[in-house]
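Input: a single structure, listed below in structure tokens.
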Amino acid sequence: MAPVTEPSRNWADDDDEIEVEAKDQGLPAPVTREEPDGTRITTEYKINEEGKKVKVVRKTKMRLIKSQVNHAVAERKNNWKKFGEVAGLGAGPDSNSTSFAEKVFLKLSSTVKDHDAPPPEEEGDSLKKALAAAAKSKINCRICQGDHWTSKCPFKDTHAPLGDLGGMDSKDTGSDDVGADAGAGGKYVPPSLRNRGPGEAMRGTGADRRDDFPTIRITNLSEDAQDQDVKDLVSRFGHTSRVFVSRDRETNICKGFAFVSFYHKDDAEKALETLNGFGYDNLILRVEWAKSSRD
Amino acid sequence: MVNAKQQSPDEMSSTVGRLSATVCRPARINDFFYEQRPILLHGHTRSLTKVKYNRDGDLLFSTSKDSKPNVWFAHNGERLGSYDGHNGAVWDLDVSYDSKRLLTASADNTCRLWGVESGKQLYQWNTRTPVRAVAFGQGDRIALYVTDALMGQPSTIWIVPIEDDLENQTDEFIRKIVITGSKATVASWGDLNKTIYTGHEDGTITIWDAETGEQIKHVKSHTKAISDMQWAADYGYFITASKDHTSKIFDAKTLRVMKTYTTTRPVNSAALSPIRPHIALGGGQEAMEVTQVGGAKQGKFETRFFHLPFEEEIGRVKGHFGPINTLAFAPDGRSFASGAEDGFVRIHYFDDDYFDFKYEEESMEL
């Protein structure tokens, strides 16, 4: 194993051109100074499209990324010369042929929306049981009246529901009557499934509506906590739909609290009981139910 | 994960205590990948025909119809060089196990051997018809290339020796296998160079005995041309992509169809993730038909991810403005490259979320 060092060459460093231009126009040359924390601050002056002199201050922070690779790879990286069309060019990517594209997010899910071929039903076990009763009556989409769940409706993002024709009164299925419901049934029903009557389908997909998931707030987290650490910490209690560690926008340091949404409320309860008052990285965690943004 | 529920509180504290020790650590390489934007490579002037990683995953090779294959550093998209010499579209490439040599198959009636580092041509096989596919055998002492059926010439598999010492390299072939029937579009070696697998224009897949040149088995599971074929690491099965809008996984020995992935557009490439039970499909409308319907939206030029055993689509990656012609997973499974009709290669790095994703069924304890 041999270390490979990535030369930290960036397009932002190529300020030769700017310098020449600046001299032509009688502007002060760009000044670059280095802060103790490694941040480089470049101050330059230029004339914008309206002919006004503007001062541009750019803050850049370099991060050196080292990785262990085998000798053959290190040899290729460090010693091979460029050839063919790019012969003679210096190290580092050439902006003519290499650029960065917009960030594209790959969100994996077991139910991908596909207008051409709707994927088969894929629900969790507990959900299936709870829905079994409702499924006995005719499945009726509230948006397009089609023969599928509202959550699977291809128009669910674009159309509002036509109105509830399922025979239920139009009372909101919110959390105001949670207590009564939980007591009456005897068996515990997660909030996301309460007030489910015949013909009434799920509200939203769940994934889009994070309020539907039982969420806990973990506070007094260490500054060093990473997303993965919190994930590791809570994943033992059950499946999480979302783990959010609040961070400072500038420094990317954890602000000391995190939100975790579980798919099942009993998992969340278990996590809350176990983790509240727990010692983690020399700090005592405090865990409580997150307040819903709707309340 | 699930069994943690049954742990007593005492056991629990010990595991959590251990975890806390790992909290303080320097940035991992994943932290970097997490913020990584796709790298866009534009070193080709025409549509891509093939992208392929070398075994270590540090180099990415790309060929296109513009006659100049390129090689790139995969981690930052830096172009290392181009292999200049072909006079026509380059259809296929293969790189040797030690990343020292490169084979390219071109429509200029040549198959060429290159030094990967120097960019110099080492040898050239002249053929009578365009070369469609090329592959190093295991051990890199032998290679095959497939010529197209054209002007009365039949589609033929040529098995040639590759000499370590180029002084000894001749254009003699070890064996030639004449393909009767539909012409071959893809070809690769089976395990231990004992067999050769070809995919054909009519959707047939054939196994040939590399020693005798006899046809061992053939099946016609696809109804249209096979556009891609990629092996699982253990040579137990392979995945095909076909113009008949499907991709299939075949058992290598019996050619039984194990899985079928159905889409709504011709599939040009299919790749197997080396670390996750996922496959990636690339395709889209035929390039010549794009203008008839208009818009990149209808063309569905996305890389589509399917769950391998469940045969269900689990995600899509947008970006290209033309049909995706070729896909390759990096050998470490943490990124993939796609080359498209629009002339661009994109290298995507997966988010942490990608590695966390599991079906509920997958995470259950048995």
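Any value given below was found using the heavy atoms of this structure, including those in side chains, with hydrogens, waters and symmetry copies removed.
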### Task
Spell out, as yes or no, whether a donor-acceptor pair under 3.5 Å connects the side chain of Ser97(A) to the backbone of His42(B).
no
### Message
Under a 3.5 Å distance rule, please check whether Arg37(B) uses its side chain to pair with a backbone N or O of Ala101(A) as donor and acceptor.
### Response
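The answer is yes, because a donor-acceptor pair under 3.5 Å joins these two groups.
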#### Entry: Worked check of side chain to side chain contact (heavy atoms under 4.5 Å, CB included) between Ile314(B) and Lys107(A)
CA-CA 8 Å; Ile314(B) 51 174; Lys107(A) 176 98 182 107; over 6 Å; no
Would you say [atom1] of [X] has more than 12 non-hydrogen atoms from neighbouring residues, nucleotides or ligands within 6.0 angstrom?
X	atom1	result
Tyr97(B)	OH	no
Arg276(B)	CZ	yes
Lys259(B)	NZ	yes

### Query
Mind checking whether Val317(B) and Phe105(A) have side chains closer than 4.5 Å, heavy atoms only?
no
### Message
Contact between Arg79(B) and Glu85(A) at the side-chain level, heavy atoms closer than 4.5 Å - yes or no?
### Response
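Result yes, sub-4.5 Å side-chain heavy-atom pair found.
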Salt-bridge criterion met for [X] and [Y] (N-O under 4.0 Å):
X	Y	result
Arg76(A)	Glu117(B)	no
Asp56(B)	Lys77(A)	no
Lys231(A)	Asp352(B)	no

### Task
Please assess Leu40(B) against Thr98(A) for the test side chain to side chain contact (heavy atoms under 4.5 Å, CB included), listing each intermediate value before the final yes or no.
CA-CA 6 Å; Leu40(B) 201 54; Thr98(A) 306; over 6 Å; no
Check whether [X] gets within reach of chain A through its side chain, its backbone, both or neither, counting any heavy atom under 4.5 Å.
X	answer
Tyr354(B)	both
Thr263(B)	neither
Lys68(B)	side chain
His278(B)	side chain
Asp98(B)	backbone

Could you tell me the separation between the [atom1] atom of [X] and the [atom2] atom of [Y], rounded to the nearest 0.5 Å?
X	Y	atom1	atom2	answer
Thr240(A)	Asp356(B)	OG1	CG	8.0 Å
Leu106(A)	His348(B)	CG	NE2	9.5 Å
Phe100(A)	Ile347(B)	CZ	CD1	9.5 Å
Ser99(A)	Phe344(B)	OG	CZ	7.0 Å

With respect to chain A, which residue among [options] yields the maximal number of heavy-atom pairs within a distance under 4.5 Å?
options	value
Phe73(B), Tyr83(B), Phe357(B), Trp72(B)	Phe357(B)
Gly319(B), Gly43(B), Gly119(B), Gly85(B)	Gly119(B)
Thr303(B), Val116(B), Asp84(B), Leu80(B)	Leu80(B)

### Task
Establish, yes or no, whether the cationic atom of Lys120(B) lies under 6.0 Å from the six-membered ring centre of Phe83(A) and within 45° of the ring axis.
no
### Task
Would you name the heavy atoms of Gly81(B) and Val86(A) that are closest together and state the gap between them?
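Shortest heavy-atom separation between Gly81(B) and Val86(A) comes out as CA-CG2, 3.5 Å.
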### Task
Considering non-hydrogen atoms only, spot the tightest contact between Leu108(A) and Gly315(B) and give its length.
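Scanning both residues, the minimum pair turns out to be CD2-CA, 4.0 Å.
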#### Entry: Worked verdict on Asp351(B) versus Lys103(A) for salt bridge (Lys or Arg N to Asp or Glu O under 4.0 Å)
CA-CA 11 Å; Asp351(B) 294 342; Lys103(A) 178 87 182 120; 3.1 Å; yes
